[in-house]
Amino acid sequence: MIFSKKLITLYFSLFLGLLSSVSPLASQETPRLEQASISFRIGHNIWSNDARFTQLLELFDKYPDATDEITFFTQGTHTPITDEELERRCVLLKQRIDEVHAHGYRAGINILCTMGHHPEDLPHSIGSEIPRAQTLDGRIAEGTLCPNNEIFRQRIRRIYTAMANANPDYIWVDDDVRTGHMLDSSGTPGSVCFCDNCMKILAQKFDVEIDRDYLTSHMSDPIVLAKIHEFTSDSYDKLFALIEETIRKISPDMPIGFMTGERYDEGYDFERWAKTLMGPNGDKEAYWRPGGGFYEQSYMNGLFGKSHEIGRQVSLLPPEVVVIQSEIENFPYQLLMKSANVTTLEAVSHIAAGCTGAAFNVLTNNNEPLDEYENMIAKVAERRPFFDLAVQKLGRNPNIGVFPLWEKTDGSYQNRTPVQALTSCFSETGVPIAYKFLPDQTNVVLLSRAYLSHKTPEEIKKVFQMGVYTDLDAVNLANDPATYALNDLTGMEYGGEIHVDGIEKIEEHPLNGSFAGRTRDLRQSFWREPIYSLKKTRPNVETLSSCVNYGGDQTAETIVGIFENPLGGRICVNGYYPWGNFYNYSKQSQIRAIIRWLSRDRLPGYVDSFAKINFWLRAPNADGSFAGVAINSNYDPVEKVAIMLKTDKDSIDVYDYSCQKTTVKASYSDEAGYRRFIVPEIKPWEPVLFVCE
Ligand SMILES: [Zn+2]
């Protein structure tokens, strides 16, 4: 273990060296990683207690594969402690870090409160003389410090010096560097701070005089919002530059990590912040920990929703960031909230979405023995070989497939793109999801009205030159004669609506195959969503589904239609519950056939079995090899899972969760270049890794 941990560090150093000579890095040249980067985050109540800490090390020594790194939280509460207290803790941390090193692990510090998350345990927290952040309505965020003043910056120098002097291998900045401070329940777009001093800084971005009242009344103005987000991004960047300078003055090569979430109102400037953390010459390491909220397992779709959030976050990172540990958090750490099986599957799912490791924050935060957590550590150790293998094969190659259109600037608009809703329903039909627009890979997009609402006609035209799956809401906007007038490209328009008893009937069409005549009834009397009849405005629009009532009478000729426009774009408009409930055999099959048609048979692959399988595919390496992950997201095993891949290779290697390899030969290939590989079985809530090399 000690050897391999050192090896991975050496490897990253070599990679950074390579980057300085070969830049920019093309996607095909992304690094091959030797193994996953796995960390456990340890609460203050455990490491500060001799008996608990000893038990922790005993447990990890019993399961040495469970982790490479032990990362110490500076505190368990979410408001900053005093500088003196933090310095005192760093003295003990230095000893703890030495002990961890002696056991063969890397060790680091995770400062929980650089600014502070929100009010908690105020009586034992930093004094009120340190300036606090303020919300837009003037309230004081008692648990959060304003980052834009010299008192704060002196504090940062002092506490980061103390942490660097404890001799950790790395330091993580937590996601308390964020907006909102858990005070703002109104849904108002946040900023890091609106105190008088910050308002002066923010005012420099405006040509008009501003105050909090002005901003409040202009919150629907995208330009105003963009300036607020830019101010927040600037504030982070300035803070990170100070942290970088402070830490690297003491330890010139120490990696610095930052934890993020999908928060559009921060500006989502990951590339900028990562480069700042990589130092003025860009030759130091930045680690990243993308996160999201999935704390318990009662709603399993939440796991994949978080993976998609993480996938979008990873897509914004520069290629130089190679240590990407997903946040795996079981807060508030009650063991039965999330089983060891779900906790470890979560790591796999986030690796599939783009991470190169995981940071497990799953042990107790209470001052109590760790006995009942042994199974959790044992399960991580048991699954570790799969994490390693997946990271080796997937590397940092971007995810490819259907791209649900989104941009990091979407937070500047009132109609924020509901990208999550668009993504989840397609991912679980076995259609691979891309998180980033890749010009040489992306040719099918999922399009919402919200995305279109802030685009120019020229930008929209470019969208409609690709394969577009969309709904009537978006098409209405594209057709709007006052703005875009793109009927030529959409081929369909509003043809009326049905509010009762509408049932989708799949019609005779080559894309529907043997499913013609089948129905999909989403029970309008329960879920009252209007059904839109589509009027064909161009002759070559084809009907895939019509609408009938409970008597079988047709109530709309076309509710799902497809069209090939004069620019070569292919469009599918769905007027019947377009963003979900693709769970029956006929609809799931139709959706996959539509996506493949939209792509002009350029979709790189998909699952072609009736199953709820989340599916990710990575861009190929320069030698043409590629890999992907399929997770059976249901409680029944799926046998003979058909995976269609666009490849010349005759066989793929399929690894089950125990890393047992099965070589699967193509059973069939079609004239468009797809080959069909039959995976014997995917067990319930288990992944397979497939590799084509
Ligand atoms: Zn402020």
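Remember, predicted model here, so these are calculated numbers, not experimental data. Just so you know, ligand 1 is whichever comes first in the structure, and atom 1 is the first atom listed for that ligand.
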J.: If you measure from the Lys or Arg side-chain nitrogens to the Asp or Glu carboxylate oxygens, is any gap between R263 and D265 under 4.0 Å?
T.: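 A salt bridge is absent here (no side-chain N lies under 4.0 Å from a carboxylate O).
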J.: Partners of Y484 by ring pair (Phe, Tyr, Trp, His ring centres under 6.0 Å), sequence neighbours excluded?
T.: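 In terms of ring pair (Phe, Tyr, Trp, His ring centres under 6.0 Å), with neighbours along the sequence ignored, Y484 is linked to no residue.
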J.: Near the Zn ion (ligand 1), which protein N/O/S atoms fall under 2.8 Å?
T.: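 Within the sphere that stays under 2.8 Å of the Zn ion (ligand 1), the protein atoms of type N, O or S are C146 SG, C193 SG, C195 SG, C198 SG.
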J.: May I ask you to establish whether R289 and W172 are in a cation-pi arrangement, using a distance under 6.0 Å from NZ or CZ to the six-membered ring centre and at most 45° from the ring axis?
T.: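 Yes.
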J.: Would you please name every residue forming a side chain to side chain contact (heavy atoms under 4.5 Å, CB included) with A162, sequence neighbours left out?
T.: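 E87, C90.
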J.: My understanding is that only residues two or more places apart in sequence, or in another chain, count here; which of them pass ring pair (Phe, Tyr, Trp, His ring centres under 6.0 Å) with H218?
T.: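 Ring pair (Phe, Tyr, Trp, His ring centres under 6.0 Å) list for H218, sorted by chain: Y214.
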J.: Salt bridge between E266 and R178, side-chain N to carboxylate O under 4.0 Å?
T.: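 Here E266 does not pair with R178 in a salt bridge, since their nearest N and O are not under 4.0 Å apart.
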